[in-house]
Amino acid sequence: MSSRKVRQLYVRLVCLLLCGLLALPLFDHQEAQAAGITMSVANSSFEESSTTLSHWSTHPTYGTATATLSNERAYTGTNSMKMVDISSSSSLARVSEKISISPTEQVAYTASAYAYIEQGSIEVFLIFYNGTAQTVVTPVNVTPPVLNQWNKRSITAEAPVGATEVAVMIYSGLNSITTAYVDDVSIGKTVKNPGFESALSGTWSVSGAAASTTMKTGGTSSLKLEDASTSASSYAESSDVPVSSSARVSAAANVYVSSGDTGVSLHLRFKNAAGTVIKEVENVFQGPASQWTPLAISATAPNVTGAKTVSVYLTTQNAATTVAYVDDVTLDTPIDYNLGTPIMNNPLDGAVFGRDASGSYDLMYVGSSGYPSKLAVYDARTGEKLDDRNLDQIEAVWGMTVAPDQSVYLGTANKKTIFRYVPGTVIGSAGNRSIPDSSLVPIPLPTGLDLIWDVAAGSSGSVYGGTGTAGKAFRYNPTTDSVTVLNNDQAIVSGVAQVRSIAYASDTEVYMGMGPTSNATIIRFDPTTSTQSTISPIGYGSTYVLGLDYVPNGTDSRLFAKLSSEPLIVINPATGGVDASLGNVDSIGVSMKQPADDKVYYTKGTHLYVYDISAKTQTDLGDVGGKAAGYTFLTDGGSTYLYAALSSGKILKYKLASTPTIDTSTSFTIPESPTKIRSLVKGPGDNIYNKRLFARRTECL
């Protein structure tokens, strides 16, 4: 029997907001950029050792007092360097290992570290080496730190002539008593004269631009871009900074437009060894006039032979006269922070029942959507998990069926793939069992059959599937390992985009639920001749048939169709007549016919119902605590039971007897997977809200 989503077409906004919104702190103290085009600092986050500050040394001139590895605080990871300077007349410093630099590169170097300062001060110095000679560069115009929170402390400087090595020094002031934690030290190459505090000659190439002391955000100067013509633009271009191909690069600057058009743009120019621009990207300033506003851009260096350098280019837009100021240019490598998985998803998106290879064990299979989606295998009687498989790169499981050879097939929401799981033999003792010789094999489908809405098992192991691509359906033959697109590779119904549901009656009778159509349409299709006829449930206002179950019962066989407008209708396929319209049915499909009676089971909310095919009536059998996602009939102790997987993570055992019983004491663990982010927005309180894919087709409407 096929297991499908017999639910509404689209995920309603309410469901997405309730199930897919998560407020996260907006990184609290984490910034989006590192120091320059990053160079490697050994043990930069102090995670390399659990006991020592490996790769960091003392500095005899600047102090050797207490510095230790600590796990009391960390900016990222688990460790930081704790610096305790207990003297107001001496200092404390730690120095990184030296990094080789080229004396011919026309770049500046920027170093930074994050410091949590409980008292005192922490600063970052650069030390340049030329043989045994050292040049120590100290920061100027230091901003006092904010105590008891993480501060980014930085310095930028050009290397003196002849320098061949550089190191970062973390320093506690001579006159301060300090307790602080330091983490995530970085150093990188950046543009020369980023704050325009020195002469532009030799650092920036300009036209219509000059240093100015009129406006600035830091220091004493900024860059003034003055465009007095609508036919020419002013510009400034930084020195070239080495960059590797495929590297991610970011640039930023503060911009103040005082008059004219707001069309100032920030560019990244990637160049080859000859200095020819091979890739250029830009971001045009869109902020308000007469105030300092940040402008930023990111791009990836081209992955081509010869990508050697990148420069920052600032220009007016040649559209109107403009006067603008630019200050504090940065060139950085963005940091990708792994914030973990904010939302885990564990929907019960389908369940089917089968047996292991030996025929001795009854198995329950559960498909769960997420990224990746999962297939889990359980002992149907005890709920013990026997196997758990990831469906790599798959976002949703939207159809499951068990073939006569006990193979399980899964239709997936992307990657034009169905999966075949072939169970092995259960081994081990209770509580410690597994199916070690089982296999999970992806079966690629022809181009264009990307989304598989539903699958249904046929004879001789064949499997039928309906797709959301051009309204096509297919048949898979495991004997020949071949896929045939039905109806001669044409849409089942011309102009109808989707085969949303599918049910197998015989090799010459396969039912397909179509959509969207003005009236919900079911097609009776003969795979041997490609002939078809139409069953159209009239008067229900549905555009889709979301689920189909064919219940064989001789001349009283019935088709149960879940319509998008709500009802589950019971159809006599021989006449096309509708026996009943059952409202509020939200289970995933209905059961097969009860072995000794003409009855079919399903759930509404958390209540189990039975439908009598002969009497055309339904009966509420009581609260079972969850919605059903798949069914089977098993015998225990001479009595027949309906087994069902419930959304509550319980296995329903309903005894079919003159005095029936409901047993939901057996539990199983629904597999859990992360969900994919679909959109991000910054909201109130500096929180990030992310909406995630809620891939199930059961939607609360």
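There is no side-chain donor-acceptor pair under 3.5 Å between Ser368 and Glu672. A donor atom on one side chain and an acceptor atom on the other are not found under 3.5 Å apart for Asp387 and Ser438. Looking at Tyr371 and Gln393, their side chains do bring a donor and an acceptor atom within 3.5 Å of each other. In summary, the side chains of Ser462 and Arg475 do not present any donor paired with an acceptor at a separation below 3.5 Å, with no hydrogens or angles considered. Inspection of the Asp623 and Thr606 side chains reveals an N or O donor paired with an N or O acceptor under 3.5 Å. If you check the side chains of Thr528 and Asp526, you find a donor sitting under 3.5 Å from an acceptor.
Between the CG atom in Leu559 and the CD1 atom in Ile569 there is a gap of 8.0 Å [rounded to 0.5 Å]. Taking CZ of Phe633 as the start and NZ of Lys593 as the end, the distance is 8.5 Å to the nearest 0.5 Å. If you take NE2 on His607 and CD1 on Ile662, they are separated by 9.0 Å, rounding to the nearest 0.5 Å. With values rounded to the nearest 0.5 angstrom, Asn390 atom CG is found 5.0 Å from Lys374 atom NZ. Atoms OG1 and CD1, on Thr467 and Ile418 in that order, are 12.0 Å from each other to the nearest 0.5 Å. Taking OG1 of Thr417 as the start and CG of Leu445 as the end, the distance is 6.5 Å to the nearest 0.5 Å.
No donor-acceptor distance shorter than 3.5 angstrom exists from the side chain of Gln406 to the backbone of Gly354, with no hydrogens or angles considered. At distances below 3.5 Å, not a single donor-acceptor pair connects side-chain atoms of Ser557 with backbone N or O atoms of Pro552. Glu384 contributes a side-chain N or O that, together with a main-chain N or O of Gly431, makes up a donor-acceptor pair within less than 3.5 Å. Looking at Thr401, its side chain does come within 3.5 Å of a backbone N or O of Ala457 through a donor-acceptor pair. Gln532 contributes a side-chain N or O that, together with a main-chain N or O of Ile492, makes up a donor-acceptor pair within less than 3.5 Å. A distance-only check finds no donor-acceptor pair linking the side chain of Thr543 to the backbone of Pro516 [under 3.5 Å]. Proximity of a side-chain donor or acceptor of Asp598 to a complementary backbone N or O of Asp612 within less than 3.5 Å is not detected. A donor-acceptor contact shorter than 3.5 Å links the side chain of Ser542 to the backbone of Ser565.
Residue pairs meeting the salt bridge (charged side-chain N to carboxylate O under 4.0 Å, His left out) criterion with at least one member in residues 634-645, sequence neighbours excluded, are Arg381-Asp636. The stretch residues 584-606 participates, sequence neighbours left out, in no ring pair (Phe, Tyr, Trp, His ring centres under 6.0 Å) pair at all.
Residues Met400 and Val408 share a closest heavy-atom pair of CE-CG1, 4.4 Å. Between Ala74 and Gly77, the shortest heavy-atom contact is CB-O, 3.6 Å. The two residues Ala645 and Phe353 have their closest heavy-atom pair at N-CZ, 4.0 Å. Closest heavy-atom contact between Tyr464 and Gly458: CE1-CA, 4.2 Å. Considering every non-hydrogen atom in both Gln490 and Lys472, the closest pair reads O-CG, 3.9 Å. Met512 approaches Val499 most closely through the heavy-atom pair CB-CG1, 3.8 Å.
At a threshold of 4.5 Å between non-hydrogen side-chain atoms, the residues Tyr361 and Pro423 do not count as touching. Taking 4.5 Å as the limit, every side-chain heavy atom of Leu375 sits out of range of all side-chain heavy atoms of Val397. Tyr504 has its side chain within reach of Ser459: a pair of non-hydrogen atoms, C-beta onward, lies under 4.5 Å apart. Contact of the Lys599 side chain with the Leu642 side chain is not registered, since no non-hydrogen atoms from C-beta on lie closer than 4.5 Å. Using a 4.5 Å heavy-atom cutoff, the side chains of Leu410 and Ile394 are not in contact. Within the 4.5 Å cutoff, side-chain heavy atoms of Ile651 are placed close to those of Tyr643. Between Met514 and Ile523 there is a side-chain heavy-atom pair separated by less than 4.5 Å. Residues Asn584 and Glu566 meet the side-chain proximity criterion, which asks for heavy atoms closer than 4.5 Å.
Under the 4.0 Å criterion applied to side-chain N and carboxylate O atoms, Asp405 and Arg420 are assigned as salt-bridge partners.
By the 6.0 Å contact criterion, CG on Asp620 is enclosed, its count of non-hydrogen atoms from other residues, nucleotides or ligands being greater than 12.
Between Tyr421 and Tyr365, the ring centre distance stays below 6.0 Å.
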Decide yes or no on side-chain contact (heavy atoms from CB on, under 4.5 Å) for Ile522 and Ile571, but give the supporting numbers first. CA-CA 10 Å; Ile522 299 171; Ile571 301 172; 3.5 Å; yes
Take Leu363 and Val426 through the side-chain contact (heavy atoms from CB on, under 4.5 Å) test and state the conclusion after the steps. CA-CA 10 Å; Leu363 305 179; Val426 174; 4.1 Å; yes
Let me see the working for Arg558 and Asn553 under side-chain contact (heavy atoms from CB on, under 4.5 Å), right down to the final yes or no. CA-CA 7 Å; Arg558 291 295 183 267; Asn553 191 29; over 6 Å; no
Might you work through the side-chain contact (heavy atoms from CB on, under 4.5 Å) test for Thr521 and Val496, ending with a clear yes or no? CA-CA 10 Å; Thr521 300; Val496 179; over 6 Å; no
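Taking the ring axis of Tyr609 as reference, the NZ or CZ atom of Lys604 stays within 45° of it and closer than 6.0 Å to the ring centre.
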